[in-house]
Amino acid sequence: MKIIPKQQHDPVTAIKVHDGSFRWALQASEEVTGKQGLIVTLNQAGLSHFTENFPENFAGVSGKYTLGEYARLNVGLLNFFGRGGRSMIIRIGRVSQQLGSEQLNAALGSAVTTALRLLPEGMRVKRGLELVKFGMERFFVYKGVQPLVMHIEERGEKLAFKLETCGCCCGFEADSPICYMWTGYFQEGLHGLFGKDREVDVKEVECRAMGAPACVWEMSKLPVRE
Ligand SMILES: [Zn+2]
């Protein structure tokens with residue numbers, strides 16, 4: 001896998017990221033890399049200002065942090081782990097999603113997951129993705145502007161989630177999809193809709209870093225692994 005900074009400015013890098021989401025990604029990274037591993041990663045990614053200085057939990061979008069920094073964390077982790085990076089970053093995405101949903105459940109009393117699990121199985125993935133989209137459009141707002149562009153598309157047995165403003169890869173070029181943090185995020189969130197040992201198949205099939213107009217994840221509508 002080859003990843004290099006983009007020659008031309010990528011406007012997505014300037015979009016402000018949700019503080020809590022960045023915090024959960026850093027906490028999850030630290031859990032998987034260890035404290036020292038994260039320090040090394042942050043230094044090499046030009047993000048040493050985050051060492052022991054994570055964004056606030058659930059502070060909305062303060063405007064202090066950008067998707068460009070989030071992508072540098074993702075790419076920094078891929079460099080840190082080398083060849084085994086893919087599965088480690090999926091793991092980080094999963095832990096990050098757990099941390100986020102713990103916060104959400106603390107705020108809403110796990111009402112959301114409970115409601116989704118009352119739906120017929122074939123509807124849960126679609127409703128779950130619609131909720132992700134709703135949440136990002138509702139809460140990832142900076143100064144009254146909602147800058148994230150995303151779509152959900154039916155593809156037969158699968159659904160596609162298309163993100164034109166992906167924070168995992170903005171500012172970078174690569175020869176394969178690199179947005180594993182979000183692959184893990186989707187895997188964990190959708191796993192939560194079906195319960196123990198039941199996994200939805202999630203795969204990033206297109207990536208902005210490869211020149212596509214959006215990062216696209218395809219997911220099965222039902223669990224593929226029991
Ligand atoms: Zn991406």
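Numbering of ligands and ligand atoms starts at 1, following listing order. Everything quoted here is computed from the prediction, not taken from an experiment.
Residue pairs that meet the salt bridge (charged side-chain N to carboxylate O under 4.0 Å, His left out) test with at least one member in residues 127-141, sequence neighbours left out, are Arg127-Glu130, Lys133-Glu137. Contacts classified as ring pair (Phe, Tyr, Trp, His ring centres under 6.0 Å) and involving residues 67-104 (residues at least two apart or in different chains) are given here: Phe22-Tyr70.
Looking at residues two or more places apart in sequence or on another chain, you find a ring pair (Phe, Tyr, Trp, His ring centres under 6.0 Å) between Tyr185 and Trp182.
The pair Lys126-Glu154 meets the salt-bridge criterion, with a side-chain N (NZ, NE, NH1 or NH2) lying under 4.0 Å from an Asp/Glu carboxylate O.
A 4.5 Å side-chain heavy-atom check between Asn57 and Trp24 finds at least one atom pair inside the cut-off. Between Glu52 and Lys35, some side-chain heavy-atom pair lies under the 4.5 Å cut-off.
Counting only protein N, O or S atoms, 4 lie closer than 2.8 Å to the Zn ion (ligand 1).
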